[in-house]
2 protein chains.
Amino acid sequence: MTRKDNSVNIESRRGYHHGDLRGALIAIGLEMLDAMPAEAISLRAMARRAGVSATAVYRHFPNRQALLAALAREGMERLGGLQRAASAAAGGGGPGLAASGRTYVRFAVDNPALFRLAFASAPATALLDLPLDEAGSAMRGLREAIAELLPPALPPAARRDAALHAWSLVHGLAMLILDGQVGYDPAEVDRVIRATLPGSAAG
Amino acid sequence: MTRKDNSVNIESRRGYHHGDLRGALIAIGLEMLDAMPAEAISLRAMARRAGVSATAVYRHFPNRQALLAALAREGMERLGGLQRAASAAAGGGGPGLAASGRTYVRFAVDNPALFRLAFASAPATALLDLPLDEAGSAMRGLREAIAELLPPALPPAARRDAALHAWSLVHGLAMLILDGQVGYDPAEVDRVIRATLPGSAAG
DNA sequence: CCCCCATGTTTACAGCGACAACATGACTCG
DNA sequence: CGAGTCATGTTGTCGCTGTAAACATGGGGG
């Protein structure tokens with residue numbers, strides 16, 4: 001998916017001058033996020049890698065933050081996709097929810113900079129309060145798994161609480177691990193997640 | 001506590017040249033953290049406020065990060081103190097643990113920049129794995145409340161799981177709120193925290 | 001065919017963290 | 001009491017950053 005060219009695209013040139021600079025910058029940014037935190041990525045470094053002057057970036061993004069926001073969106077989408085896939089692969093229901101949670105933490109561990117960025121510069125729209133089909137792809141997996149798991153008769157407020165509960169737990173786990181406050185032990189993560197499934201705790 | 005002088009201290013001069021520059025910088029940093037995130041605080045701005053040249057800071061901190069780390073430590077200590085106080089005021093036990101958790105989230109909401117900084121540049125020592133009396137003051141409150149609440153017969157691993165569970169939940173809640181992913185509703189926070197108390201969920 | 005405008009470049013500026021060389025003044029010791 | 005040392009603070013500088021303004025260019029639509 002991410003071609004490895006550091007210079008300008010040649011084949012996929014659908015743009016005008018050079019190539020798809022916007023896309024190239026995003027690919028470069030994601031690549032750099034594998035090696036360093038977002039705050040260490042300079043606009044100029046990305047431009048350099050793209051083989052382009054620093055100010056060319058401003059033709060595609062109003063400022064550095066906007067570029068990072070684009071990377072953040074990509075991160076959210078990847079996370080959401082993995083969660084949905086994991087939930088489906090586990091057959092949905094309780095196992096699906098647990099799998100979705102494990103995937104959430106795993107993603108954070110595997111892509112710390114991207115995970116951090118995804119939330120740090122996320123749009124301030126409260127994902128939990130959006131209707132499911134607009135809730136970005138980020139929380140779709142978790143919320144769908146929870147919705148499926150809860151007794152349909154439950155009032156919406158209880159559903160919301162359950163979703164918040166599950167989300168907070170995995171998010172807290174992820175952040176504490178990333179910040180080095182606790183070690184990453186998959187078995188432990190799994191235990192803690194299972195203990196929180198709706199049904200073990202009252203909604 | 002934080003005197004409001006922007007120039008050099010006069011009365012509390014226990015230092016040599018000007019005053020207690022190190023202390024002044026920390027006070028200034030905490031003040032600035034009330035108004036902006038840590039990454040927006042420049043070493044030069046702090047020096048300016050202290051009425052001192054930029055490089056004077058390097059006499060007291062090896063670099064900017066070290067100064068921020070000092071602020072982070074202060075944040076951790078404040079948070080820990082508040083938690084212990086809240087737990088004690090609630091009479092310990094289950095109510096104490098819930099109070100400690102509520103205080104954790106509240107602190108984050110009230111001091112977003114300081115809270116973030118406290119974890120972002122925390123020493124990478126896994127607080128949860130330290131003996132209680134060395135565990136900094138950060139997690140003391142939570143862990144003491146949990147220890148008190150759990151049946152003494154429980155094996156240490158179960159205690160650890162319970163602590164991690166509680167900590168993850170409140171930390172996740174706090175971060176999601178700070179990142180604007182969910183709104184801050186004290187009642188909701190309280191509900192979610194109560195649902196996680198050891199005893200509602202199996203350890 | 002030509003011109004327009006999206007895309008990219010050059011130049012410039014202020015602010016940043018950090019290093020090296022220098023100044024100063026408070027405390028110590030003879 | 002006088003000298004000198006060393007912690008503390010200053011000046012000057014460097015390379016880097018984000019970003020604004022003015023200029024260049026070339027591909028596609030009139």
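Atoms considered below: every heavy atom in the structure, side chains included; atoms not considered: hydrogens, waters and symmetry mates. Letters A, B, ... are given to chains in the order of the sequence lines, protein chains preceding strands, and every chain is numbered from 1.
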Nearest-Å distance, [atom1] ([X]) to [atom2] ([N])?
X: A:D20; N: C:dA6; atom1: CG; atom2: P; result: 17 Å
X: A:F61; N: C:dG8; atom1: CZ; atom2: P; result: 11 Å
X: B:R48; N: C:dG17; atom1: CZ; atom2: C1'; result: 13 Å
X: A:R64; N: D:dG18; atom1: CZ; atom2: C1'; result: 9 Å
X: A:L67; N: D:dT19; atom1: CG; atom2: C1'; result: 14 Å
X: B:Y58; N: C:dA20; atom1: OH; atom2: C1'; result: 13 Å
X: B:L21; N: C:dT24; atom1: CG; atom2: P; result: 19 Å
X: A:L25; N: C:dT7; atom1: CG; atom2: C1'; result: 13 Å

Rounded at 0.5 Å granularity, tell me how far [atom1] in [X] sits from [atom2] in [Y].
X: A:L21; Y: A:H60; atom1: CG; atom2: NE2; result: 4.0 Å
X: A:R78; Y: A:N111; atom1: CZ; atom2: CG; result: 7.5 Å
X: A:W167; Y: B:M175; atom1: CH2; atom2: CE; result: 12.0 Å

Quiz prompt | Stretch residues 38-47 of chain B: residues that reach within less than 4.0 Å of DNA chain C through a heavy atom | solution =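 Within this stretch, B:S42, B:L43, B:R44 sit under 4.0 Å of the strand.
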Self-check item: Presence of A:H60 side-chain N/O under 4.0 Å of C:dG8 phosphate oxygens OP1/OP2
Solution: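 For C:dG8, OP1/OP2 do have a side-chain N/O of A:H60 under 4.0 Å.
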Quiz item: According to a strict under-4.0 Å criterion, is B:R59 in side-chain N/O contact with OP1 or OP2 of C:dT24?
Solution: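 Looking at the OP1 and OP2 atoms of C:dT24, neither is under 4.0 Å from any side-chain N or O of B:R59.
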Quiz item: Would you say the side chain of A:T55 and the base of C:dT11 hold a donor-acceptor pair, judged only by whether the two atoms sit under 3.5 Å apart?
Solution: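 Looking at the base of C:dT11, it does not pair with any donor or acceptor on the side chain of A:T55 (distance under 3.5 Å).
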Practice problem: Return the nearest nucleotide to the side chain of A:S53; candidates are D:dT17, D:dT10, C:dT9. | Solution: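 The nucleotide sitting nearest to the side chain is C:dT9.
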Quiz item: Within a reach of under 6.0 Å around CZ of A:R160, are more than 12 heavy atoms found that belong to other residues, nucleotides or ligands?
Solution: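 Counting neighbours around CZ of A:R160, more than 12 heavy atoms of other residues, nucleotides or ligands fall under 6.0 Å, so yes.
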Quiz item: Only one of B:L71, B:V57, B:D20 forms a side chain to side chain contact (heavy atoms under 4.5 Å, CB included) with B:L25, so which one is it?
Solution: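 Output: one option passes, namely B:V57.
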Exercise. Just say parallel, tilted or perpendicular for the rings of B:F115 and B:Y104, cut-offs at 30° and 60°.
Key: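 The arrangement is perpendicular - the two ring planes meet at more than 60°.
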Quiz item: Between B:H165 and A:T196, do the side chains contain an N or O donor and an N or O acceptor separated by less than 3.5 Å?
Solution: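 The answer is yes; a qualifying pair exists.
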